[in-house]
Amino acid sequence: METGTSQREDQRQAAERRRRELLEAADRVVLRDGPEASMNAIAAEAGITKPILYRHFGDKGGLYRALAKRHTDALLFSLRAALDAPAPDRRRRVEATLDTYLSAIEARPQVYRFLMHPADHDQQQEQGFDVGHHSAPLLRRLGEELAKVIAERVELGPGGEEQARVWGHGIVGMMHAAGDWWLRERPCSREQLVSHLAELMWGRLAVADDRVGGPTF
């Protein structure tokens, strides 16, 4: 019985290891090709056939979801680190968090474009892949995570949980829209964009107290 359990565990670990290797291969292709990345190119990079890639992810939508989770996890970790890092005041912490997001999309623009702007011909060739259908959950997840941070750190009074969710999704929407525009047009420096967005957000956030016993925001 123990031998069978051990074998199943070894098989599970081997499958997870192989999945990570395939995602790393997909990352390399996305970094090179951006929205033009294809299942054929990813399979070739991984040294496997396309049917084997399908066996692991189903279709490009499945691969997209796996890559989106991988990169969203990393981004959320970075955003949490920025929120928890020492800062002289709340304004600086807000600016550091905005800068963390913008730095991430600036550092890997091809990954960002693959996740948010897949090539039109891919949507025609690989049925079922729709950028809006797949990217919306990614943005919702970021919004919910930020809402939790706000709710646990800022004293918003009665109805605070609802307000924190509104703020969380609103801030993510602002960061996404402004960052997408900025990445395409580069109308100003990243530092200037951070300052402008922080100024837009400030209002009530400037005067709300930290929650008693909670982390600083």
Side-chain angles (χ1 to χ4, degrees), residues 19-42 45-46 53 57 59-83 94-126 128-147 149 168-198 200-201:
R19 186 178 175 86
R20 283 195 302 271
E21 291 170 354
L22 293 176
L23 285 173
E24 287 164 5
D27 262 345
R28 291 193 295 272
V29 174
V30 170
L31 281 170
R32 184 187 72 220
D33 299 340
E36 303 294 330
S38 68
M39 296 291 273
N40 283 330
I42 292 168
E45 177 69 23
L53 190 60
F57 298 103
D59 56 13
K60 192 171 184 180
L63 177 61
Y64 172 93
R65 287 188 292 273
L67 283 172
K69 184 178 186 307
R70 177 184 176 93
H71 289 286
T72 304
D73 286 348
L75 178 58
L76 285 169
F77 180 84
S78 297
L79 291 173
R80 280 275 184 179
L83 286 164
V94 167
E95 291 178 345
T97 305
L98 289 168
D99 189 62
T100 295
Y101 173 81
L102 294 170
S103 295
I105 67 172
E106 182 180 37
R108 307 189 82 187
Q110 291 287 63
V111 172
Y112 171 80
R113 292 184 180 111
F114 173 80
L115 293 175
M116 295 298 177
H117 302 289
D120 289 341
H121 68 79
D122 276 349
Q123 293 184 32
Q124 296 167 6
Q125 292 174 0
E126 306 198 42
F129 185 72
D130 171 17
V131 61
H133 175 71
H134 293 298
S135 62
L138 185 158
L139 294 173
R140 281 199 297 271
R141 183 183 172 201
L142 286 174
E144 288 295 333
E145 290 294 329
L146 183 55
V149 169
H169 288 282
I171 291 169
V172 166
M174 178 191 74
M175 289 195 305
H176 168 60
D180 191 86
W181 163 75
W182 172 76
L183 200 61
R184 285 174 178 267
E185 298 190 15
R186 297 302 178 106
C188 60
S189 69
R190 195 177 77 233
E191 293 76 15
Q192 288 173 310
L193 181 61
V194 165
S195 178
H196 293 325
L197 292 178
L200 178 62
M201 287 173 56

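Note that the numbering runs from 1 along the sequence shown for the chain.
For Arg141, the side-chain hydrogen bond (donor to acceptor under 3.5 Å, both in side chains) partners two or more places apart in sequence, or in a different chain, are Asp73. Among residues two or more places apart in sequence or in another chain, the side-chain hydrogen bond (donor to acceptor under 3.5 Å, both in side chains) test is passed with Arg20 by none. Evaluation of the side-chain hydrogen bond (donor to acceptor under 3.5 Å, both in side chains) rule for Asp27 yields Arg70, His71 as partners, not counting sequence neighbours. Partners of Asp180 by salt bridge (charged side-chain N to carboxylate O under 4.0 Å, His left out), not counting sequence neighbours, listed by chain and number: Arg184. Under the side chain to side chain contact (heavy atoms under 4.5 Å, CB included) criterion, Ala46 pairs with Leu22, Ala25, Ile48, not counting sequence neighbours. Residues passing the side chain to side chain contact (heavy atoms under 4.5 Å, CB included) test with Gln110, sequence neighbours excluded: Pro35, Arg113. With sequence neighbours left out, the side chain to side chain contact (heavy atoms under 4.5 Å, CB included) criterion links Thr100 to Ser78, Leu79, Ala82. For Gln192, the side chain to side chain contact (heavy atoms under 4.5 Å, CB included) partners at least two apart in sequence or on another chain are Cys188, Ser189, His196. Under the rule for a salt bridge (charged side-chain N to carboxylate O under 4.0 Å, His left out), Arg108 has no partner lying at least two apart in sequence or in another chain. Glu24 is linked by a salt bridge (charged side-chain N to carboxylate O under 4.0 Å, His left out) to nothing, counting only residues two or more places apart in sequence or in another chain. By the side-chain hydrogen bond (donor to acceptor under 3.5 Å, both in side chains) test, Arg32 pairs with no residue at all, sequence neighbours left out. Evaluation of the salt bridge (charged side-chain N to carboxylate O under 4.0 Å, His left out) rule for Asp99 yields Arg190 as partners, not counting sequence neighbours.
To the nearest 0.5 angstrom, Lys69 atom NZ is 9.5 Å from Leu76 atom CG. Separation of atoms CD (Glu145) and CG (Leu75) is listed at 10.5 Å; rounding is to 0.5 Å. A distance of 6.5 Å separates CD1 in Ile42 from CG in Leu53, rounded to the nearest 0.5 Å. The line from CG of Leu138 to CG of Leu67 is 11.0 Å long, rounded to the nearest 0.5 Å. One distance of note links NE2 of His176 with CG of Leu142; it measures 10.0 Å at 0.5 Å rounding. Taken from CG in Leu197 to OG1 in Thr97, the straight-line distance is 12.5 Å, to the nearest 0.5 Å.
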Under the criterion side chain to side chain contact (heavy atoms under 4.5 Å, CB included), I'd like the reasoning laid out for Met201 against Leu98: C-alpha separation, chi angles, the key distance, then a yes or no. CA-CA 11 Å; Met201 287 173 56; Leu98 289 168; 4.1 Å; yes
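Side-chain contact between Tyr64 and Phe57: absent, with no pair of heavy atoms (C-beta onward) separated by less than 4.5 Å. Between Leu23 and Leu63, some side-chain heavy-atom pair lies under the 4.5 Å cut-off. Between Val149 and Arg80 there is a side-chain heavy-atom pair separated by less than 4.5 Å. Side-chain contact between Glu106 and Tyr112: absent, with no pair of heavy atoms (C-beta onward) separated by less than 4.5 Å.
Of all heavy-atom pairs between Ala41 and Asp33, the closest is CB-OD2, 4.4 Å. Closest approach of Phe114 to Gly34, counting heavy atoms only: CD1-O, 3.6 Å. Taking all atoms of both residues into account, the shortest heavy-atom contact from Glu95 to Ala198 is CG-CB, 3.7 Å. Residues Ala37 and Val29 come closest through the heavy atom pair CB-CG1, 3.9 Å.
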